[in-house]
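Structure first, then comments.
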Amino acid sequence: MLLENKVMLITGASKGIGRGIAVGAAKHGAKIGINYAGDDAAAAATVAEIKAAGGEAFALKGDVSDPQSAKDFIQAGVDHFGKIDSFVSNAGICPFHAFLDMPQEVLERTLRVNLHGAWYMSQAAANQMVKQGHGGTLIAVSSISALVGGEFQTHYTPTKAGVLSLMQSTAIALGKHGIRCNALLPGTILTDINKDDLADDAKRQYMESRTCLGRLGQPEDMAGPAVFLASDLAGYVTGASLLVDGGLFVNLQ
Ligand SMILES: NC(=O)C1=CN([C@@H]2O[C@H](COP(=O)(O)OP(=O)(O)OC[C@H]3O[C@@H](n4cnc5c(N)ncnc54)[C@H](O)[C@@H]3O)[C@@H](O)[C@H]2O)C=CC1
Ligand SMILES: C[C@H](O)[C@@H]1OC(=O)[C@H](O)[C@@H]1O
């Protein structure tokens, strides 16, 4: 149990990677708060799964691109559990689209959810941790896409580079408060975000064949790395990025 007596809040955790991290962290003793955008039933199912295993959890709906949602989520965490030890900024969208005719609203929504959302949430969490006075951890779910491009992700990859950079700068700003800030860089993880893209068998087989471990990731694969970064085992790790991609990045030829 690496997170006993710790409170972890996670954005976008009704499904996918956020849910995988929430359930995995709860198994390590963390009390969990989840933010989500729209699917009440999925959020309730995540909370129910954690409670059924003997854990504690709550869910609060809110759009991360709205700064008020960050304040409300942090306040809910304090109301439920009295403090926040670890904050995971995970919520994100990736509406695949070509570059040359990218609609302005698709670009702006992607920037607002993925980058502004992570910024507002991280700032609100950090202010609470500073107020508490006993340090904490921020984790941002960036991506392998912070390091490499994507033809239909010209609006998305800059947001993932942005949240990686956010963790580097917040590591500097918050080190004096004992708050560690790190980025997780998933490779291709099977979730709703890429369901349509990977419905193309040729694309999916190509991605699998590039992955050294021979399979694409599952949301559960992100739990261990997140738990590690949130735990005291990573007590001297800050400003770092952890690539969790089954060996996708290194496999050029
Ligand atoms: N699946 C993958 O291959 C990879 C995903 N990522 C990142 O992981 C994060 C999670 O994505 P997945 O689990 O794959 O996708 P997903 O679509 O399964 O889950 C996304 C979550 O974000 C929430 N969300 C979306 N917009 C929101 C908003 N405005 N406010 C609050 N919550 C919102 C959704 O409710 C959902 O819980 C994203 O930041 C994504 O960029 C990074 C690398 C690879
Ligand atoms: C949505 C994509 O399949 C996924 O998102 C990322 O960040 C990865 O690089 C994949 O492209």
Side-chain angles (χ1 to χ4, degrees), residues 10-24 36-39 41-42 45-46 64-65 88-115 117-118 139-165 167 183-226 241-253:
I10 311 162
T11 64
S14 56
K15 57 182 182 161
I17 290 172
R19 180 175 179 154
I21 292 173
V23 171
Y36 66 103
D39 189 340
T46 304
V64 295
S65 71
V88 183
S89 176
N90 164 76
I93 56 172
C94 183
F96 287 77
H97 205 287
F99 177 54
L100 292 177
D101 60 350
M102 179 76 67
Q104 186 180 341
E105 60 272 21
V106 174
L107 168 66
E108 289 184 359
R109 181 70 184 153
T110 305
L111 294 172
R112 290 208 167 277
V113 172
N114 296 7
L115 187 53
I139 299 170
V141 178
S142 170
S143 171
I144 189 174
S145 297
L147 310 176
V148 289
E151 180 178 358
F152 298 101
Q153 295 175 305
T154 57
H155 50 329
Y156 172 80
T157 59
T159 67
K160 296 286 121 178
V163 297
L164 168 57
S165 174
M167 288 300 102
L184 273 178
L185 278 59
T188 298
I189 311 293
L190 293 165
T191 69
D192 285 352
I193 208 171
N194 50 28
K195 203 171 53 189
D196 294 341
D197 187 48
L198 295 174
D200 175 349
D201 280 345
K203 169 92 185 264
R204 185 180 168 129
Q205 282 164 18
Y206 168 71
M207 297 305 290
E208 283 169 352
S209 73
R210 276 199 61 168
T211 306
C212 298
L213 295 180
R215 66 171 178 86
L216 299 180
Q218 295 291 340
E220 298 73 34
D221 290 316
M222 298 309 304
S241 48
L242 179 51
L243 187 60
V244 186
D245 70 342
L248 177 62
F249 181 75
V250 295
N251 191 7
L252 182 60
Q253 53 188 317

| Could you give the distance from CZ (Arg19) to OG1 (Thr46), rounded to the nearest 0.5 Å? | 3.5 Å
| field | Ala223 to Gly20 - nearest heavy-atom pair and separation | value | CB-O, 3.5 Å
| query | Quick one: does Thr211's side chain get under 4.5 Å of Leu216's, heavy atoms only? | reply | yes
| For the side chain of Asn251 and the backbone of Arg210, is there at least one donor-acceptor N/O pair under 3.5 Å apart? | yes
| request: Of all the heavy-atom pairs spanning Ala146 and Leu164, show the shortest one and how long it is. | output: CB-CD2, 4.0 Å
| note | For Ile21 and Met222, the nearest pair of non-hydrogen atoms, with its separation, is CG1-O, 3.9 Å
| field | Nearest heavy atoms of Val64 and Val113, plus distance in Å | value | CG2-O, 3.6 Å
| request: Look at Lys15 together with Asp192 and state whether they make a salt bridge at an N to O cut-off of under 4.0 Å. | output: yes
| Cys212 SG to Phe249 CZ distance, which is reported to the nearest 0.5 Å | 12.0 Å
| task | Could you tell me whether a side-chain N or O of Asn194 sits under 3.5 Å from a main-chain N or O of Ile189, the two making a donor and an acceptor? | result | yes
| Counting N and O atoms only, with roles assigned by atom type, does the side chain of Asp221 sit under 3.5 Å from a partner on the main chain of Gln218, one being a donor and the other an acceptor? | yes
| request: Keeping the roles fixed (side chain from Thr110, backbone from Tyr156), state whether a donor-acceptor pair exists under 3.5 Å. | output: no
| field | Flag, side chain of Asn90 to backbone of Thr11, donor-acceptor distance under 3.5 Å | value | yes
| query | If you take all heavy atoms of Gly150 and Thr157, which pair is closest and at what distance? | reply | N-CG2, 4.1 Å
| message | Contact between Val163 and Thr159 at the side-chain level, heavy atoms closer than 4.5 Å - yes or no? | response | no
| query | To the nearest 0.5 Å, how far apart are CG in Leu185 and CG in Leu147? | reply | 5.0 Å
| field | Nearest-0.5 Å distance that lies between atom CD in Gln205 and atom CG in Leu198 | value | 11.5 Å
| remark: Heavy atoms of Ile193 and Gly92 approach each other most closely as CD1-O, 3.9 Å
| field | Polar side-chain atom of His155 near backbone of Pro95 as donor-acceptor pair, under 3.5 Å | value | yes
| Checking Ser142 side chain against Lys160 main chain: does a donor-acceptor pair fall under 3.5 Å? | yes
| field | Minimum side-chain heavy-atom gap Met167-Ser89 below 4.5 Å | value | no
| Quick one: does Ile93's side chain get under 4.5 Å of Asn114's, heavy atoms only? | yes
| field | Distance, nearest 0.5 Å, that separates OG of Ser209 from CG of Leu248 | value | 9.5 Å
| note | OG1 (Thr188) and CG (Asp245) are apart, to the nearest 0.5 Å, by 8.5 Å
